[in-house]
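The structure under discussion appears below in the form of structure tokens.
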Amino acid sequence: MSKNIYLTPGPSELYFTVQDHLKTAIQEDVCSISHRSQAFMDIYQNTAARVKELLGVPEEYYLVFTNTATEVWERLIQNCAEKQTYHLVNGSFSKRFYEFSGLLGRKATKLDVPFGEGFDIDQVVVPEEAEMICVTQNETSSGAALPVDAIYQLREKYPDQLIAVDAVSSVPYLNIDYRKIDSLFFSVQKGMGLPAGLGVWIFNQRCVEKANSLEAKGLSIGTYHSIPSLLEKAVKHQTPATPNVLGIYLLGKVCEDMLRRGVEQIRQEVEHKAALTYNFFEAHPNFECFVQKKEHQSQTVLVANLVNCTFQQVSEYLKPHLLQVGSGYGKWKTSQIRIANFPTHSKETFFKLLDLLQEFKA
């Protein structure tokens, strides 16, 4: 039976090897093993190693698992900021990250630019009191991305502040020097092509020292998923509470598949599909690129304004062809489309999509 292809920006299409790995997981009782068993510790150790290998994470950086990437917003603020954070806000998710800080009793300051625009780092002025700079590298709601060179400029300008990077919709495409940031996190239902319900949090010793210093002051840094509690178990390849064992297992297997494919090839394919799509948006009368500056256009979440048509019309047109694209986010729900461009989406799928959209008439 034919199935839909999900070009939605999360949850998105499953990586094409997941079905086989699910069958193996059932056969090997992965869903039933104890998270204190040697079998799970082997899974944890393998997955953490493969993620770090795929993404180029230095050996000295820590990697732990959470329930979601949204949870990491909270854990980062609890563990790495006593009083104040600074945020780059240009969309719905970066705004929510900023709001979490206030909800947790911190003073949150920000550079706020219009939805879908990028940042001029020369305009960033981080207060001396801010302990952490929070960056949403790829804004899933708007398709605006912050180039890694801009993040490196932040490190040069503000060497004393921690830099935390939300890379939820850009991993594994994102190629970043981890030694120029302090923390990065993502969830697996987008670029990794897995079912939702697992977050991955990467951080360095500076984050650990900050969490320890706050705890030593008697301040609350969270409970079962604080940095100290996560690391206490991570050294034994375990988790503080029962985790998404199946998700961790599948993540390790998909990373192995991507490593065989080659991360550089994956990145080149993502860029090729993005270039085709943005060129199409520029040429077709019913579509126009939402993010205007090319250096700020996401390679993994491709967003277009709809001209003289609605998302519902585009969606209904594609439905018989079993292709599902994402609607705009929030108030742009009916007036934009968002197209996911993740490693699981083949060039052939994009050729088919763009050929169909070429013939679309409102």
Side-chain angles (χ1 to χ4, degrees), residues 1-16 18-19 90-93 96 114-117 138-145 168-170 173 187-197 269-292 297-362:
M1 183 178 72
S2 298
K3 61 181 285 294
N4 288 319
I5 296 176
Y6 291 90
L7 289 144
T8 45
S12 194
E13 185 76 4
L14 292 179
Y15 198 70
F16 54 87
V18 168
Q19 185 172 356
N90 65 340
S92 300
F93 295 102
R96 192 64 176 146
F115 186 90
E117 290 191 9
N138 200 76
E139 179 54 79
T140 312
S141 66
S142 68
V168 164
S169 56
S170 51
Y173 167 74
S187 49
V188 299
Q189 74 273 18
K190 301 181 189 293
M192 300 309 299
L194 293 170
E269 290 174 355
V270 166
E271 290 172 357
H272 178 64
K273 292 178 291 174
L276 289 174
T277 306
Y278 283 124
N279 288 338
F280 170 82
F281 289 159
E282 291 174 353
H284 197 285
N286 287 127
F287 305 90
E288 63 179 18
C289 296
F290 177 53
V291 178
Q292 291 297 304
Q297 290 175 345
S298 170
Q299 297 296 290
T300 54
V301 180
L302 319 176
V303 181
N305 291 327
L306 299 174
V307 181
N308 299 320
C309 62
T310 66
F311 171 75
Q312 186 66 26
Q313 289 173 309
V314 176
S315 180
E316 289 298 323
Y317 170 74
L318 292 174
K319 185 178 294 185
H321 304 283
L322 303 178
L323 293 174
Q324 291 200 14
V325 295
S327 65
Y329 197 88
K331 72 178 185 179
W332 291 270
K333 184 176 179 66
T334 63
S335 62
Q336 292 183 343
I337 60 169
R338 292 181 298 154
I339 300 173
N341 179 22
F342 299 143
T344 193
H345 299 122
S346 68
K347 289 180 288 187
E348 290 73 22
T349 293
F350 268 74
F351 295 153
K352 178 180 179 181
L353 172 69
L354 297 180
D355 283 346
L356 287 167
L357 290 179
Q358 182 64 45
E359 302 303 319
F360 171 74
K361 293 181 178 61

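Worth saying up front: this structure is predicted, and the values here are computed from it rather than measured.
Here the straight-line distance linking atom CZ of Phe280 with atom CG of Leu302 works out to 12.0 Å at 0.5 Å rounding. Note that the CE atom of Met192 and the CG atom of Leu14 stand 12.5 Å from one another [nearest 0.5 Å]. A distance of 5.5 Å separates CG of Leu7 from CZ of Phe350, quoted to the nearest 0.5 Å. Here the NZ-OH distance, from Lys361 to Tyr317, works out to 8.0 Å after rounding to the nearest 0.5 Å. For the atom pair Glu282 CD and Phe287 CZ, the distance stands at 14.0 Å (nearest 0.5 Å). Annotation: the span from Glu348 atom CD to Ile5 atom CD1 amounts to 10.5 Å, rounded to 0.5 Å.
Ring planes of Trp332 and Phe115: parallel class, angle under 30° (limits at 30 and 60°). Aromatic ring pairs are classed by plane angle as parallel below 30°, tilted from 30° to 60° and perpendicular above 60°; the pair Phe281 and Tyr278 is perpendicular.
At least one donor-acceptor pair closer than 3.5 Å links the side chain of Gln297 to the backbone N or O of Val291. Of the possible polar contacts, one joining the Thr277 side chain to the Lys273 backbone as a donor-acceptor pair under 3.5 Å is found. Judged purely by atom type and a 3.5 angstrom limit, Arg338 uses its side chain to pair as donor or acceptor with the backbone of Thr140. For His345 (side chain) and Phe342 (main-chain N/O), a donor-acceptor pair under 3.5 Å exists by modelled atom type. Not one N or O on the side chain of Asn305 forms a donor-acceptor pair closer than 3.5 Å with the backbone of Phe290. Side-chain atoms of Lys190 do not come within 3.5 Å of backbone N or O of Val168 as any donor-acceptor pair. Remark: the backbone N or O of Cys289 is paired with a side-chain donor or acceptor of Gln292 at under 3.5 angstrom. Between the side chain of Ser315 and the main chain of Leu318, no donor-acceptor pair closer than 3.5 Å is present.
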Steps toward side-chain contact (heavy atoms from CB on, under 4.5 Å) verdict (Asn138, Val301): CA-CA 8 Å; Asn138 200 76; Val301 180; 3.8 Å; yes
Show, in sequence, the C-alpha distance, side-chain angles and deciding distance for Ser142 and Phe93, and conclude whether the side-chain contact (heavy atoms from CB on, under 4.5 Å) test is met. CA-CA 9 Å; Ser142 68; Phe93 295 102; over 6 Å; no
Stepwise side-chain hydrogen bond (donor to acceptor under 3.5 Å, both in side chains) check, Thr300 with Asn341: CA-CA 4 Å; Thr300 54; Asn341 179 22; over 6 Å; no
From CA spacing to verdict: side-chain contact (heavy atoms from CB on, under 4.5 Å), Leu306, Ser335: CA-CA 5 Å; Leu306 299 174; Ser335 62; 5.5 Å; no
Does the pair Asn90 and Glu117 meet the rule for a side-chain hydrogen bond (donor to acceptor under 3.5 Å, both in side chains), with working shown? CA-CA 6 Å; Asn90 65 340; Glu117 290 191 9; over 6 Å; no
Does the side-chain contact (heavy atoms from CB on, under 4.5 Å) test come out yes or no for Leu323 and Tyr6, once each step is laid out? CA-CA 6 Å; Leu323 293 174; Tyr6 291 90; over 6 Å; no
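A pairwise comparison of heavy atoms in Ser12 and Ala340 identifies OG-CB, 3.9 Å as the closest pair. Residues Ser327 and Lys333 come closest through the heavy atom pair CB-O, 3.4 Å. Here the closest heavy-atom approach between residue Gly116 and residue Ala144 is recorded as O-CB, 3.6 Å.
Summarising the local packing, CD of Glu316 is surrounded by more than 12 heavy atoms from other residues, nucleotides or ligands at distances under 6.0 Å.
Side-chain atoms of Gln336 and Tyr329, non-hydrogen and from C-beta on, never get closer than 4.5 Å to each other. Side-chain contact between Ile339 and Ile337 is present, with at least one heavy-atom pair separated by less than 4.5 Å. Proximity of Glu288 to Val307: side-chain heavy atoms (C-beta onward) are separated by under 4.5 Å at one or more points. Within the 4.5 Å cutoff, the side chain of Leu354 has no heavy atoms near those of the Gln358 side chain.
Using modelled atom types and a 3.5 Å distance limit, the side chains of Ser141 and Glu139 yield a donor-acceptor pair. Side-chain contact of Glu271 with Tyr173: a donor-acceptor pair under 3.5 Å is present, judged by distance alone.
Glu13 and Lys3 are joined by a salt bridge, as a carboxylate oxygen and a charged side-chain nitrogen come within less than 4.0 angstrom of each other.
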